[in-house]
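Presented below is the structure to which this report refers.
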There are 2 protein chains.
Amino acid sequence: MNLLEERICKEGKVLNDEILKVDSFINHQVDPYLMKEIGKEFANHFKDKGITKVATIESSGIAPALMTALEMNVPLVIMKKSPSKVLKTDLYGTEVVSFTKGTSYELTIAKSHICEEDHILIIDDFLANGEASTGAIRLIRKANATIAGLGILIEKSFQPGRQKLEEAKIEVYSLARIKSLNGGSIQFIN
Amino acid sequence: MNLLEERICKEGKVLNDEILKVDSFINHQVDPYLMKEIGKEFANHFKDKGITKVATIESSGIAPALMTALEMNVPLVIMKKSPSKVLKTDLYGTEVVSFTKGTSYELTIAKSHICEEDHILIIDDFLANGEASTGAIRLIRKANATIAGLGILIEKSFQPGRQKLEEAKIEVYSLARIKSLNGGSIQFIN
C-alpha cells in the first residue's frame, strides 16, 4: 500500500537496525484518514472470505482494526492484555511471551464474544517475531473459531513472524514489508 | 444521544449499584457503526471550538476518539498508561490514582505530539470519579495546551466526576447520563 510506505519514508524514525518508530501517525499520534484508507484496503482484500468479526490486540491495533470492521460491517473484538476487574470470569486466555523484551502477559477474550461459527480476521500494527499474532491465533482456536487471515500494517520481514504464520497455513497480508533497517535506511520488499 | 441510551438499555449489564458493564458494544466487543455515530455527534457538538487535536486515554476511549477525530479532520493522540520502551524520553507525565480501585499509573504523552498552540478535545468512554479525566487535563496543561472540553460516552452522574470538572471550568458533554443503577435498574438523566 503506497500511502503507508510513503508515510513511513516521510515520518518513520529508524532507531536501530531492528526498531522503526511510527508514533507520529500510528502508535501514539494517529492519523484517522490514513486509518480509514488502511481499513478500506484490508476490507477489500479480505472481502470474499466470509469474515464474521475483526479482532485485534490492545492497544495499537485498535484504530486500523476499527476502520476495517466498519468497512466490513462486522463487530470488532479487542483482545485484552490482562483481565480487567470487571471481566473476571468466562474468559479464554493464553500466555504471550516476548523473548526479545523478556516480558510476558496474559491475552484474553470473553467467551461471550467469540464462538465456533466465527471466522476471524486479525489486524495488528506490527509483525516482527510473531509472538503476539501466534498468541491471538491460539486464543481464537481455543474458542474453536477459525482464522480468515492476518492483516498487518508494517511487517519486519527480516524477522521470522511471517514464516511462522505461513508454516501454520495462515494468510498474512502486510501493507508495508520492510526488508531492512540497516544503517538507518528503510528498504521495502516490492 | 438516544442511540447509545437505547443500546445501554438493551445490552448493558448492571453488576451492582456502581458498575455497568457495556463490554458487548463499547469496551471489549465494539460496534463500529455506533462508534461512527458517536464520532459524528461529538464532532457536531464541538465543531465551533477551534479544536486542533482529539486526545484519549488508552484503550477503551480509542474507538470513539478515532471516529471523532476523523469527523473533525484532526489528529488523534493516545495518552499512554505507562511509557513504552521505545518512548522513553521527552515525555510529559502525571500520576493517576484510582482511590476506588486502589491502583495508580503514570499517564504520559510525548512532547512532540502536543504544543501550546493545541486546543484539545478529550474523549473517554466513562466518567465516574473523574480521576482519569483530571489526569488527562493535568497532562495537557503541562504542555501549556488548552482544553476545549470533554466528550464522554457514559457518565455515572451519581459519582462526583462531572462536578469536579465543572468546578475546574471544563465543559463536559456526556451522551448518556446515568442517574442511578440501584436495584439493577438503569435510570437516565433526561
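Letters A, B, ... are given to chains in the order of the sequence lines, protein chains preceding strands, and every chain is numbered from 1. Below, each value reflects all heavy atoms present in this structure, side chains not excepted, and no hydrogens, waters or symmetry copies. Just so you know, these numbers come straight off a predicted model, no measurement behind them.
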Side-chain heavy atoms under 4.5 angstrom apart, residues restricted to Ile, Leu, Val, Met, Phe, Trp, Tyr: same cluster for [X] and [Y]?
| X | Y | result |
| --- | --- | --- |
| Ile152(B) | Val30(B) | no |
| Ile137(B) | Phe126(B) | no |
| Ile109(A) | Ile140(A) | yes |
| Leu127(A) | Leu139(A) | yes |
| Phe188(B) | Leu4(B) | yes |

Hey, is [atom1] on [X] packed in by over 12 heavy atoms from elsewhere, all under 6.0 Å?
| X | atom1 | result |
| --- | --- | --- |
| Lys36(B) | NZ | no |
| Glu166(B) | CD | yes |
| Lys111(A) | NZ | yes |

Check your understanding: Would a 4.5 Å heavy-atom cut-off, applied to side chains only, mark Ile114(B) and Gln29(A) as touching?
Key -> no
Exercise for review: Could you tell me the separation between the CE atom of Met35(B) and the CG atom of Leu76(A), rounded to the nearest 0.5 Å?
Suggested key: 9.5 Å
Study note, to complete from the structure: Rounded to the nearest 0.5 Å, the CE atom of Met79(B) sits from the NE2 atom of His28(A) at a distance of 9.0 Å
Practice item. Return the option, out of Ser112(B), Ser24(B), Ala55(B), with the maximum number of heavy-atom pairs under 4.5 Å with chain A. Key: Ser24(B)
Review point. Among residues 56-74 of chain B, which residues come closer than 4.5 Å to chain A, judged by heavy atom distances?
Key: Glu58(B), Ser59(B), Ser60(B), Ile62(B), Ala63(B), Leu66(B), Met67(B), Ala69(B), Leu70(B), Val74(B)
